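Structure first, commentary second.
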Amino acid sequence: MSALEAVLLTIITASTPLLLAAVGELVTERSGVLNLGVEGMMIMGAVTGFAAAYTTGSAAVGVMAAIGTGIAMALLFAFLTQTLAANQMATGLALTLFGIGLSGLVGKPFTGLPGVKLGAVHVPGLSGLPLVGPVLFGQDLLVYASVAITVFVAWMFSRTRLGLVIRAVGTNHHSAHALGYDVAAVRYGCIAFGGACAGLAGGYLSLVYTPQWIENMTAGRGWIALALVVFATWSPNRVAVGAYLFGAVWIMGLYAQGIGVTIPPQFLASLPYLVTIGALLAISGNRILTKVNTPACIGQTFVPDR
Amino acid sequence: MKKSIVVAAVLALSLAASGALGADALKVGFVYVGPIGDHGWTYQHDQGRLAVEKALGKKVKTLYIEKVAEGPDTERAITRLARQGAGLIFTTSFGFMDPTIKVAKRFPKVKFEHATGYKRAKNVATYSSRFYEGRYVIGQIAAKLSKSGVAGYIASFPIPEVVRGINSFMLGAQSINPNFKIKTVWVNSWFDPGKEADAAKVLIGQGADIITQHTDSTAPMQIAGEKGALAFGQASDMIKFGPKTQLTAIIDDWRPYYVQRTKAVLDGSWNSTDTWGGMDTGMVGMAPYTNMPVDVAAMAKATEEKIRSGEMHTFAGPIYKQDGSLAVPKGKNLDDGTLLGMNWYIKGIDDKLPK
């Protein structure tokens, strides 16, 4: 395997959990809901994914469990914020703290155990090609899933009625309500979708990235995903660019150290944040476009008049 | 020296069966920075606590608080153990240093033991372990087994403890292959499995076929296994995570020390001391030598024995610094003061040490 191949593969694994979590949150936010609980849903996905895979011996079951847990956590958030009209910021933060704490408890019997790794898929005939083979055709299923989800979300928002409805709900929930759309139902769905993606991102960490359960193993990736959504101005394509850029700069920082480039490692560690924010700000510089994409109702509680 | 782990879910657990104890049992408290299940640093300290219980039976009762954040929570946790009547308290992270001294002033009758620190008082002793001795042994193994002649080193922070380890590893490797190379990646964390895994992947991609780490997770071991490289465990035996990958592991063994110090409190001979124990005291141990030819294992064992008996010092002169200046001449060993403050690389390491 050539060095370039190794670097590209590492970048893809480092970026995938960010992309998954960010795309899910993007859908949630486009419907006008700010869920700050990404980190909490992710860590719960990681722990249940690991636990299920370890207990059953099947990584596929682990992936399902991770998605399911993410949805369950998200529905809890939806119930509090949509049905009970609780403050979204506070509820989201609480969801993160709750998830981190609960995952430690649930994961206690699973610490220090070697896990089950979700294997890579090899497209016959193609994964043997030099460079592009392993990079494009020899990844694990979740990498393909993350790309597929991103493409799907981009297509849904630009080409489908469902996308328009979600955008309408996020832009002006009063109007959407007046037009006869069930704001709460749409938001429930979008929140659940975000939860599923966050859970999957967590499962990616404990089933592919480092197949083991370690307390707090998400290490802030949920927050990075949240930031990516905002800096990418709610565009799925830009979220993908941001996630891969972040992963690339991060890995290149490690790579530079390995070949003996003398840049302080503390600076290298902060570089992915700086570069990603800088790049996304540059490509999102168009004020009008930004305004079009920003869900005007984000974070606002909606209680329909009866 | 250790991590700043998040949640301070302070939870004290008394393990002894209620009522089974005499009223005069000595209570021994332990303050941990991580969860016991970290399978590394804190796990090993807890093994020490269990050994105290086993060795002294009904004469002692142990208490512990895990996941104590370095900061304001530390003082609260230590105070709590002192209030519960602990007569001896071990605080097991570098960042617990000042709070330990502070609480010790308020409880002059309680004896305190602080790991890896340098501040002492009449009722505060310090202890640490010469992990670097083990790094010399694994350096030799790496130089023997590496086909590419390059080892990858995943490091946490550029502090003397870590720099000492890198130098010791390199001295061991150079004793076998003078042209041996290491590539170092600093991940700026004691414990971030994802970053550690990324670093391992990058290093292997750059030609390292042996991975060693001065971080606490088992992720590098797993990655090395996936990529067909070999690796060394850190702090505790990680063979479960790399049955075909782990060559050996440097194990922190606090058991003998904890038992000895508890006994000292029981018989009244305890006083404030500064212990920096190596292989000779049993504080540094090596996991079984696996996944290597018999002759390499024999060589490693012989070196380990020489270090243990005191026949060999891992920082024996002549040692040259990276800039070519002489650090210690032939016939002399580097003194402990220099070792404790080590902030330079030895000759043969190509990287620059981050400041």
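These figures come from a predicted structure and were not determined experimentally. Proteins come first, then strands; the chains are lettered A, B, ... in the order of their sequence lines, and each starts at number 1.
Residue with the most contacts toward chain B among A:Thr218, A:Val7, A:Leu268, A:Thr210: A:Thr210 (heavy-atom pairs, distance under 4.5 Å). Between chain A and the residues B:Ala208, B:Ser189, B:Pro354, B:Pro193, the most heavy-atom pairs under 4.5 angstrom are made by B:Pro193. Contact tally against chain B (heavy-atom pairs below 4.5 Å) for A:Leu97, A:Leu254, A:Thr111: the top residue is A:Leu254. The residue among B:Asp351, B:Val202, B:Asp198 with the most heavy atom pairs within less than 4.5 Å of chain A is B:Asp198.
Side-chain contact annotation: B:Asp46 with B:Tyr32, donor-acceptor N/O pair under 3.5 Å present. Checked by atom type, the side-chain pair B:Tyr153/B:Arg135 shows a donor-acceptor distance below 3.5 Å. Side chains of B:Glu66 and B:Thr42: a donor-acceptor N/O pair is absent below 3.5 angstrom, by distance only.
Residue contact with chain B, scored on non-hydrogen atoms closer than 4.5 Å, involves the backbone and the side chain of A:Pro211 alike. Interface remark: A:Leu205 contributes no atoms to any contact with chain B (heavy atom separation under 4.5 Å). With a 4.5 Å cut-off on non-hydrogen atoms, B:Ile223 touches chain A through its side chain but not through its backbone. Proximity to chain A (any heavy atom under 4.5 Å) is restricted, for B:Glu226, to the side chain, taken from C-beta onward. Proximity to chain B (any heavy atom under 4.5 Å) is shown, for A:Ile259, by both the backbone and the side chain. For a residue to count as touching a neighbouring chain, one of its non-hydrogen atoms must lie under 4.5 Å from one of that chain's; by this rule B:Thr184 touches chain A with the backbone only. Interface residue A:Thr13: only side-chain heavy atoms are found under 4.5 Å from chain B.
Nearest heavy-atom pair, A:Ser15 versus A:Ile11, reported as atom, atom and distance to 0.1 Å: OG-O, 2.7 Å. The heavy-atom pair separating B:Met221 from B:Ala231 by the smallest distance is SD-CB, 4.0 Å. Of all the heavy atoms in A:Gly203 and A:Ala66, the pair that sits closest is CA-CB, 3.9 Å. Shortest non-hydrogen contact noted between A:Leu207 and A:Ala59 is CD1-O, 4.0 Å.
Panel note: side chain B:Ser156, backbone B:Thr215; no donor-acceptor pair is recorded below 3.5 Å. Distance alone, capped at 3.5 Å, is enough to place a donor-acceptor pair between the B:Asn291 side chain and the B:Gln246 backbone.
Contacts with chain B (heavy atom to heavy atom, under 4.5 Å) involve no residue of residues 38-46 of chain A.
Interatomic distance, B:Arg164 CZ to B:Asn167 CG, rounded to the nearest 0.5 Å: 10.0 Å. Of the inter-residue distances, the one linking A:Phe267 atom CZ with B:Asn188 atom CG reads 13.0 Å to the nearest 0.5 angstrom.
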